[in-house]
Amino acid sequence: MALVEIGNLIKNSDNFAIVSHTSPDGDSIGSMLGLFSALKEIGKSADMFIDDPLPEKYSFLPGYKEVKNIDDAKDSYSCLIALDCGDLDRLGTCKRLISKADIIINIDHHVSNSLFGTVNIVDDAASSVGEILYQLFKINDLVVSKDTSLCLYTSLLTDTGGFKYSNTTSVTLSIAGDLINTGIDFSEVYNQVFDVKSINQVKLMSRVTSTLETHFSGKIAILILSRDMLDDCNAREDDASDFINIARDIAGVEVAFFVKEVDSTKCRVSLRSRQFVDVRKIAEIFGGGGHIRASGCTISGSVQEVKDIIINELKKVIGVGC
Ligand SMILES: [Mn+2]
């Protein structure tokens, strides 16, 4: 459906629920808070839900504290807007809100999106959901205030890794320019999102990097995060969300993956590639998804077992073209 029709649908609705994926990142949080801010500008009521704690580093964003617990949801919503979710399972427990809403608007940029909405805007050429929302607001003459801009800018900045990933386009940069023109402190956003670390996070980084292993003549780099490390450092899993980049950035590495122990029976895996390997395909084998250079999945097994499973899959693709 076209952006103008979605805009009309939003203008003619009220009582919104906004949801996004588990393990929230800068795009899910930035787009959610940006949409919330834009809806408030036109006098709409909206509740926001994410089925996981929000990383503290985004607490500078307006509306951060207004994200609600799923147990505080109303009995019904006229319109539910899902952001940055390739499929309904990405919503975690927020999935149950689907049956409480009359209309589902699905706004996403994952090519694998299952089109679960009543209406769907899935643009895999967009760097981030924040980029799609900006276009939606502009084309429908909705106000993009300084608060809204701060949130959307955070979406663009984080999903492009600071405007350096190949998903960054001239459209992304032009929108970022428009957002900066509202007067937001964009260097402070960068600082908060990429630079500032807690002492516990730095301690955790030291533990995680000490697990570094490389395989296939240094083309594969692996990091491990165990529950014990989190307990020892008094840290949360999301404190480790950027550590995968340390492995990916080692000279000669084509694929980096990060095995995070959920419990003794399963692990979450994040995958990154540099130039050749489509890591989304690997994540999809295990029911996960993502993008060609960044993906994730959950696999049953111990840390060691899961590590071996991924190495085995990479064995089939590494050396083919790289
Ligand atoms: Mn995204």
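All ligand and atom numbering here is 1-based and tracks the order in the structure.
In this structure the side chain of R96 reaches within 4.5 angstrom of the side chain of I70, judged on heavy atoms.
Seen from the Mn ion (ligand 1), atom OD1 of D84 and atom OD2 of D27 lie 90° apart in angle, a value rounded to 10°.
Test I6, D123, I175 against I132 for side-chain contact (heavy atoms from CB on, under 4.5 Å) and you get one pass: D123. Of the candidates T158, T172, D159, S127 forms a side-chain contact (heavy atoms from CB on, under 4.5 Å) with just one, namely T172.
The Mn ion (ligand 1) lies closest to atom OD2 when only the N/O/S atoms of D159 are considered.
The Mn ion (ligand 1) lies at 2.8 Å or more from every N, O or S atom belonging to H110. For the Mn ion (ligand 1), the N/O/S atoms of D25 include none lying under 2.8 Å. Within the 2.8 Å limit, D108 places no N, O or S atom next to the Mn ion (ligand 1).
Between D89 and K95, at least one side-chain N (NZ, or NE/NH1/NH2) sits under 4.0 Å from a carboxylate O, which counts as a salt bridge.
Evaluation of the ring pair (Phe, Tyr, Trp, His ring centres under 6.0 Å) test over residues 52-87, restricted to residues two or more places apart or in two chains, returns none.
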